[in-house]
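Data block below; observations after.
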Amino acid sequence: MVAKNKKSKKSKKEEHDLDKLSCLPDSILSYILSFLDTKSAIRTSLLSKRYKLLWTLTPSLDFVLSESETVYPNSYNDVVPPEHAKDPSIFFFQLYVNRILRLREHSNLTSFRLSLYKDVGMELLEKCMDYAAKHKVQDFRIRGYVKNQPVVLPELLLTSSSLTNLHLHNATPYSIRLPKSVLLPNLKFLHLKKFQFSDNNFNGGLFSGCPNLESLVLSRCSIRPRDEVKVLNLNFSNLVNLVIKCWRSPWICFNEHAINVNAPKLAFFKYQGHLARVNFNDSLLFLERACIELCYPTACTIVNLSERKQELAECFLSMLRYMCNVEFLSLSMKTIEVL
């Protein structure tokens, strides 16, 4: 009897909480749903008639196709993949994404994330990017996975006045073609992962087209060896945060490749991985925090390790001189060993 009473009280509380949510307008509920991934937001359509199409109002879309995905989702049981489909999960993912884009209420987007660990083909990638651009996305994140030919970012996205956050990740070396030039007046955050700067894709226009950039992350990037491009010039009058992780230029290019930074308002700098030549144009007067986590080979037959370690130390000390005003400096144990 006591157990029944407890169960009854619990169900009444759940009904009361649901009633509280029901009192909220659609705009608030759709905003709440925007914090869920797209699949979870769609599942709320089972709650009641009101929620059936509420997910179509959400200003956020989030699509992920993982390596381990075998079936995506189970709402296409009556659909049989074509014989030429090597991976049914890709076929069902394409159906799923196309259906969402077709049914969604065509309001502007605050965020759009597409994370691919399988090759879904250029057509779907281009469709998603066009959709995001046309709906004035503010936060756009893509992990591109294309094997045959790199996808080109649409002009509408590269000249968007609404875009504030851009995250581009190459799953394969040439999944996304790096744009030579952009016009993004309100972009605040730019994250580039696994890109190689070369004569074919870089002339400085990518960075000069982001005059109000505040945060830049370069992860596993490099400058292509034997190209005319030798230096990456980062000139940002409003840049506050700069992160360089796992720079990939080979050691033979150590003396000729460099990253020149002109960012008078820089407050945070993090460098992680094998050292590259990073030159700062001026003393960093506003630098509050710097984190350096260097690594270097401990067993290599190609180069003289002791000479390399000495060269790294000299290069690092040269970079460190610009940080004399830093309030907090964090050095990893390997960084200290270099010194």
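All values derive from a computational prediction rather than experimental measurement.
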Practice problem: Would you verify whether the NZ or CZ of R143 falls within 45 degrees of the ring axis of Y117 while also being under 6.0 Å from that six-membered ring's centre? | Solution: yes

Practice problem: List the steps, then state whether side-chain hydrogen bond (donor to acceptor under 3.5 Å, both in side chains) holds for T58 with S60. | Solution: CA-CA 6 Å; T58 180; S60 176; 5.3 Å; no

Self-check item: Residue pair S89, K118: steps toward the side-chain contact (heavy atoms from CB on, under 4.5 Å) verdict
Solution: CA-CA 9 Å; S89 66; K118 294 181 180 181; 2.8 Å; yes

Quiz item: Under 6.0 Å from the NZ atom of K134, do we count more than 12 heavy atoms belonging to anything else shown?
Solution: no

Quiz item: Excluding sequence neighbours, so at least two apart, what forms side-chain contact (heavy atoms from CB on, under 4.5 Å) with E288?
Solution: A267, E327

Quiz item: Of all residues at least two apart in sequence or in a different chain, which pass the side-chain contact (heavy atoms from CB on, under 4.5 Å) check with P179?
Solution: L153, L158, V182, L206

Self-check item: Check: S107/E105 side-chain N/O donor and acceptor closer than 3.5 Å
Solution: yes

Quiz item: Of the non-hydrogen atoms in R102 and H106, which two are nearest, and what is the gap between them?
Solution: O-NE2, 4.3 Å

Quiz item: Looking at residues at least two apart in the chain, or sitting in another chain, which of them share a side-chain contact (heavy atoms from CB on, under 4.5 Å) with C253?
Solution: P225, P250, E256, H257

Quiz item: Which atom pair, heavy atoms only, marks the closest approach of A290 to L287?
Solution: CB-CD2, 4.2 Å

Quiz item: Just wondering, more than 12 heavy atoms not from F268 lying within 6.0 Å of its CZ?
Solution: yes

Quiz item: ring-ring contact (aromatic ring centres under 6.0 Å, His included): which pairs involve residues 195-232, sequence neighbours left out?
Solution: F197-F202, F202-F207, F207-F236

Self-check item: Trace of the side-chain contact (heavy atoms from CB on, under 4.5 Å) decision for L166 with L192
Solution: CA-CA 8 Å; L166 180 61; L192 300 176; 6.0 Å; no

Quiz item: If you round to the nearest 0.5 Å, how far is OG1 of T110 from CG of N165?
Solution: 11.0 Å

Practice problem: Give the minimum heavy-atom separation between D282 and Y322, together with the two atoms involved. | Solution: O-CD2, 3.6 Å

Quiz item: If you measure from OG on S222 to CG on L232, what distance do you get to the nearest 0.5 Å?
Solution: 10.0 Å

Exercise. Apply salt bridge (Lys or Arg N to Asp or Glu O under 4.0 Å) to R104 and list each qualifying residue two or more places apart in sequence or on a separate chain.
Key: none

Quiz item: How far does CG of L218 sit from CZ of R248, to the nearest 0.5 angstrom?
Solution: 13.5 Å

Review item, side-chain donor-acceptor pairs of residues 170-177, under 3.5 Å, at least two apart:
{"unit_1": "N170", "atom_1": "OD1", "unit_2": "S175", "atom_2": "N", "d": "3.1"}
{"unit_1": "N170", "atom_1": "OD1", "unit_2": "I176", "atom_2": "N", "d": "2.7"}
{"unit_1": "N170", "atom_1": "ND2", "unit_2": "P173", "atom_2": "O", "d": "3.4"}
{"unit_1": "N170", "atom_1": "ND2", "unit_2": "K194", "atom_2": "O", "d": "3.3"}
{"unit_1": "T172", "atom_1": "OG1", "unit_2": "V146", "atom_2": "O", "d": "2.9"}
{"unit_1": "T172", "atom_1": "OG1", "unit_2": "S175", "atom_2": "OG", "d": "2.3"}
{"unit_1": "S175", "atom_1": "OG", "unit_2": "G144", "atom_2": "O", "d": "3.3"}
{"unit_1": "S175", "atom_1": "OG", "unit_2": "V146", "atom_2": "N", "d": "3.1"}
{"unit_1": "S175", "atom_1": "OG", "unit_2": "V146", "atom_2": "O", "d": "3.4"}
{"unit_1": "S175", "atom_1": "OG", "unit_2": "T172", "atom_2": "N", "d": "3.3"}

Exercise. Could you tell me the separation between the CG atom of L213 and the CG atom of N186, rounded to the nearest 0.5 Å?
Key: 11.5 Å

Exercise. Flag yes if L242 and L331 sit in one hydrophobic cluster, no otherwise; membership is Ile, Leu, Val, Met, Phe, Trp, Tyr, and two members link when side-chain heavy atoms are under 4.5 Å apart.
Key: yes

Quiz item: What heavy-atom pair brings D119 and I90 nearest, and what distance separates the two atoms?
Solution: O-CD1, 3.3 Å

Quiz item: Who pairs with E155 by salt bridge (Lys or Arg N to Asp or Glu O under 4.0 Å), at least two apart in sequence or on another chain?
Solution: none

Quiz prompt | Mutual orientation of the aromatic rings belonging to Y271 and F269 [parallel < 30°, tilted 30-60°, perpendicular > 60°] | solution = tilted

Quiz prompt | Steps toward side-chain contact (heavy atoms from CB on, under 4.5 Å) verdict (Y131, L61) | solution = CA-CA 11 Å; Y131 185 92; L61 290 175; 4.0 Å; yes

Quiz prompt | salt bridge (Lys or Arg N to Asp or Glu O under 4.0 Å) contacts touching residues 197-221 (sequence neighbours left out) | solution = K188-E214

Quiz item: Are the side chain of N98 and the backbone N or O of L95 linked by a donor-acceptor pair below 3.5 Å?
Solution: no

Quiz item: What pair of heavy atoms forms the shortest contact from L184 to L163, and how long is it?
Solution: CD2-CD2, 4.1 Å

Quiz item: Is there a side-chain contact (heavy atoms from CB on, under 4.5 Å) between V261 and N279 once you walk through the steps?
Solution: CA-CA 6 Å; V261 182; N279 306 312; over 6 Å; no

Exercise. Kindly give the heavy-atom pair with the smallest separation between C128 and F112, and that separation in Å.
Key: CB-CZ, 3.7 Å

Self-check item: Which residues share a side chain to side chain donor-acceptor pair (under 3.5 Å) with S115, sequence neighbours left out
Solution: none

Self-check item: Backbone of I292 reached by a side-chain donor or acceptor of T335 within 3.5 Å
Solution: yes

Quiz item: Quick one: side-chain hydrogen bond (donor to acceptor under 3.5 Å, both in side chains) pairs with a partner in residues 223-245, sequence neighbours left out?
Solution: N212-N238, S215-N241, N233-N260, N238-K265

Quiz prompt | T164 (side chain) donor-acceptor with Q138 (main chain) under 3.5 angstrom | solution = yes

Quiz item: When rounded to the nearest 0.5 angstrom, what is the spacing between CZ in F254 and OG in S249?
Solution: 11.0 Å

Self-check item: Y145 side, atom OH; E67 side, atom CD - distance, nearest 0.5 Å
Solution: 7.0 Å

Quiz item: More than 12 non-hydrogen atoms from neighbouring residues, nucleotides or ligands closer than 6.0 Å to CD on E126, yes or no?
Solution: yes

Quiz item: What residues form a side-chain contact (heavy atoms from CB on, under 4.5 Å) with H191, not counting sequence neighbours?
Solution: H167, F189, K193, V217, S219

Practice problem: Using the test salt bridge (Lys or Arg N to Asp or Glu O under 4.0 Å), find all partners of D139 that sit at least two apart in sequence or belong to another chain. | Solution: R141

